[in-house]
Asker: 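Below you will find the structure I want to go over with you.
Heavy-atom basis, side chains included; hydrogens, waters and symmetry copies ignored.
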Amino acid sequence: AIIGPLRQEYQADQLAALPPPAHIPSAWWIGSYSALAFGARHDSAAVDHDLRTTSAPGHELEAELAADDILRFPRGAVAGECLHALFERVDFGDAGGWPAMIDTVLQRFAPALPPGDDALRRRMLLGLLHDVMHAPLGDGLRLADVPRQRTLVELEFHLPSRQLDAAALARTMQRLGQPLPQYGFGTLQGYLRGFIDLVFEHQGRYYVLDWKSNHLGDTPADYAGASLDRAMTQHGYPLQALLYALALHRHLQQRLPDYRHERHFGGVLYLFVRGVRPAWTRADGISAGVHHQRPTLQALQQLSELLE
């Protein structure tokens, strides 16, 4: 026998809504360093190209700067995007290709920048590239010696987070001896997403590098010591550095069969590029404008356990 489909008729007055659940859990979401530090929930927050840059107030020393000094380049978020775009595209060791790339980047960003002399800005950016590529960064490192094939630009990552809350993050940062800003998020259940400006390898060690266009002042002292530490703290960069370090650490664990932190992990470099120049060298032989930290394996494990 063939049994047809069952059908049941309902009258409108027989329909009723089910009782609502006592608790509706929030959905998982994708956060970022900016979401943790500033409560920013928009997707572009994961690409942190100095969207929150602040500048030191101008003073009389600016009048003494050369007309083509990079310290005279426009400031703000658009200028930060312009400088990031330039560093993303150039071959560090091929100075012959720099002028054409500078023209391409300036043509793209000129409409959004304040009016200015294009030829002067070309000289500013050419001088910037020369200074940054040849400045001593420590460990015998100069970016001009890093071949393009040993770099990864804008490396995207997702760090899974089961239930990360601001209080637990603050306690972990305190144990690690890091500054404690007021984190602007509730609980993150999902993923931490980010883009690392640059990952590169030098003499068997792997580094994270983040370009910073912040104008901190017009003198070498503004890009070293307490001034540099203050800039790092004000913008929450120590947390960003730890997240980037953890992302690279996990990446290397998956890519290098014999990976060992003490041998392969070079650390995190923050380059405040307006102050990075061979002429502004600190007592330790490293250029001003360079902040380098190398989180220990224990610190990365603590952060990893917090996320898990």
Side-chain angles (χ1 to χ4, degrees), residues 47-137 142-148 151 153-154 197-198 200 209-224 227-228 231 269-281 287-290:
V47 185
D48 179 58
H49 285 177
D50 300 344
L51 297 179
R52 296 173 180 81
T53 56
T54 57
S55 298
H59 48 77
E60 64 277 3
L61 285 178
E62 185 172 335
E64 302 175 8
L65 298 173
D68 58 357
D69 195 299
I70 193 62
L71 292 170
R72 292 185 178 274
F73 194 77
R75 308 171 191 176
V78 175
E81 289 280 352
C82 178
L83 296 182
H84 273 84
L86 179 60
F87 283 112
E88 287 173 9
R89 289 164 174 75
V90 296
D91 185 331
F92 298 163
D94 181 18
W98 294 351
M101 190 57 65
I102 288 172
D103 287 343
T104 299
V105 170
L106 278 179
Q107 184 178 11
R108 172 185 169 190
F109 286 94
L113 289 171
D117 185 332
D118 288 343
L120 185 61
R121 288 179 177 174
R122 289 189 189 96
R123 295 204 306 272
M124 289 180 181
L125 295 180
L126 190 60
L128 171 69
L129 289 178
H130 181 274
D131 283 346
V132 172
M133 298 310 161
H134 293 89
L137 307 183
R142 295 186 321 158
L143 290 178
D145 299 326
V146 178
R148 191 171 184 84
T151 65
V153 176
E154 288 291 318
D197 285 351
L198 178 68
F200 68 92
L209 189 151
D210 202 80
W211 310 109
K212 293 301 178 190
S213 64
N214 311 53
H215 182 279
L216 305 182
D218 296 330
T219 69
D222 295 320
Y223 295 86
S227 296
L228 191 61
L269 288 161
Y270 276 68
L271 266 58
F272 291 77
V273 295
R274 295 180 193 252
V276 178
R277 52 188 80 189
W280 288 5
T281 304
S287 171
V290 177

Asker: Spell out, as yes or no, whether a donor-acceptor pair under 3.5 Å connects the side chain of Arg142 to the backbone of Met133.
Answerer: no

Asker: So how far is it from Ile70 CD1 to Leu65 CG, rounded to the nearest 0.5 Å?
Answerer: 11.5 Å

Asker: Taking all atoms of both residues into account, what is the closest heavy-atom pair of Thr281 and Pro278, and its distance?
Answerer: OG1-O, 2.6 Å

Asker: Can you name the residues that form a salt bridge (Lys or Arg N to Asp or Glu O under 4.0 Å) with Arg89, not counting sequence neighbours?
Answerer: none

Asker: Which pairs would a plain distance check flag for residues 111-128, meaning a side-chain donor or acceptor within less than 3.5 Å of a matching protein atom at least two apart in sequence or in another chain?
Answerer:
from	atom 1	to	atom 2	distance (Å)
Asp117	OD1	Ala119	N	2.9
Asp117	OD1	Leu120	N	3.2
Arg121	NH1	Pro114	O	2.9
Arg121	NH2	Pro114	O	2.8
Arg121	NH2	Pro115	O	3.4
Arg122	NE	Asp103	OD1	2.6

Asker: What's the spacing between Lys212 NZ and Leu83 CG if we round to 0.5 Å?
Answerer: 12.5 Å

Asker: Please report the shortest heavy-atom distance between Met101 and Val90, naming the atom on each side.
Answerer: CG-CG1, 3.7 Å

Asker: Asp94: which residues meet the side chain to side chain donor-acceptor pair (under 3.5 Å) condition with it, sequence neighbours left out?
Answerer: none

Asker: How many angstroms lie between CG in Leu216 and CG in Asp222, if you round to the nearest 0.5 Å?
Answerer: 7.0 Å

Asker: Mind checking whether Leu271 and Leu209 have side chains closer than 4.5 Å, heavy atoms only?
Answerer: yes

Asker: Between CD of Glu88 and CG of Leu198, what distance do you get to the nearest 0.5 Å?
Answerer: 9.5 Å

Asker: Any heavy-atom pair between the side chains of Leu71 and His215 that's under 4.5 Å?
Answerer: yes

Asker: Among residues at least two apart in sequence or on other chains, which ones pass ring pair (Phe, Tyr, Trp, His ring centres under 6.0 Å) with Tyr270?
Answerer: Tyr237

Asker: Under a 4.0 Å threshold between the charged nitrogen and the carboxylate oxygen, would Asp69 count as salt-bridged to Arg72?
Answerer: no

Asker: Name all residues meeting the side chain to side chain donor-acceptor pair (under 3.5 Å) criterion together with Asp131; count only those two or more places apart in sequence or in a different chain, and write none if there are none.
Answerer: none

Asker: Please list all pairs passing the ring-ring contact (aromatic ring centres under 6.0 Å, His included) test where one or both residues lie in residues 91-131, with sequence neighbours left out.
Answerer: His130-His134

Asker: I'd like to check Phe73 versus Cys82 (side-chain heavy atoms, cut-off strictly below 4.5 Å). Are they in contact?
Answerer: yes

Asker: At what distance, to the nearest 0.5 angstrom, does OG1 of Thr219 lie from CD of Glu64?
Answerer: 11.0 Å

Asker: Flag the pair Trp211 / Val132 as yes when at least one side-chain heavy-atom distance between them is below 4.5 Å, and no otherwise.
Answerer: yes

Asker: Sequence neighbours excluded, which residues qualify as salt bridge (Lys or Arg N to Asp or Glu O under 4.0 Å) partners of Asp91?
Answerer: none

Asker: What pairs with Phe272 under ring pair (Phe, Tyr, Trp, His ring centres under 6.0 Å), at least two apart in sequence or on another chain?
Answerer: none

Asker: Is there a donor-acceptor pair closer than 3.5 Å between any side-chain N or O of Ser287 and the backbone N or O of Leu137?
Answerer: no

Asker: Which heavy-atom pair separates Val276 from Ala135 by the least distance, and what is that distance?
Answerer: CG1-CB, 3.5 Å

Asker: Got a sec, which residues hit side-chain contact (heavy atoms from CB on, under 4.5 Å) with Ala288, two or more places apart in sequence or on another chain?
Answerer: Tyr223, Trp280

Asker: Measuring from Leu129:CG to Leu86:CG, what's the distance to the nearest 0.5 Å?
Answerer: 4.5 Å

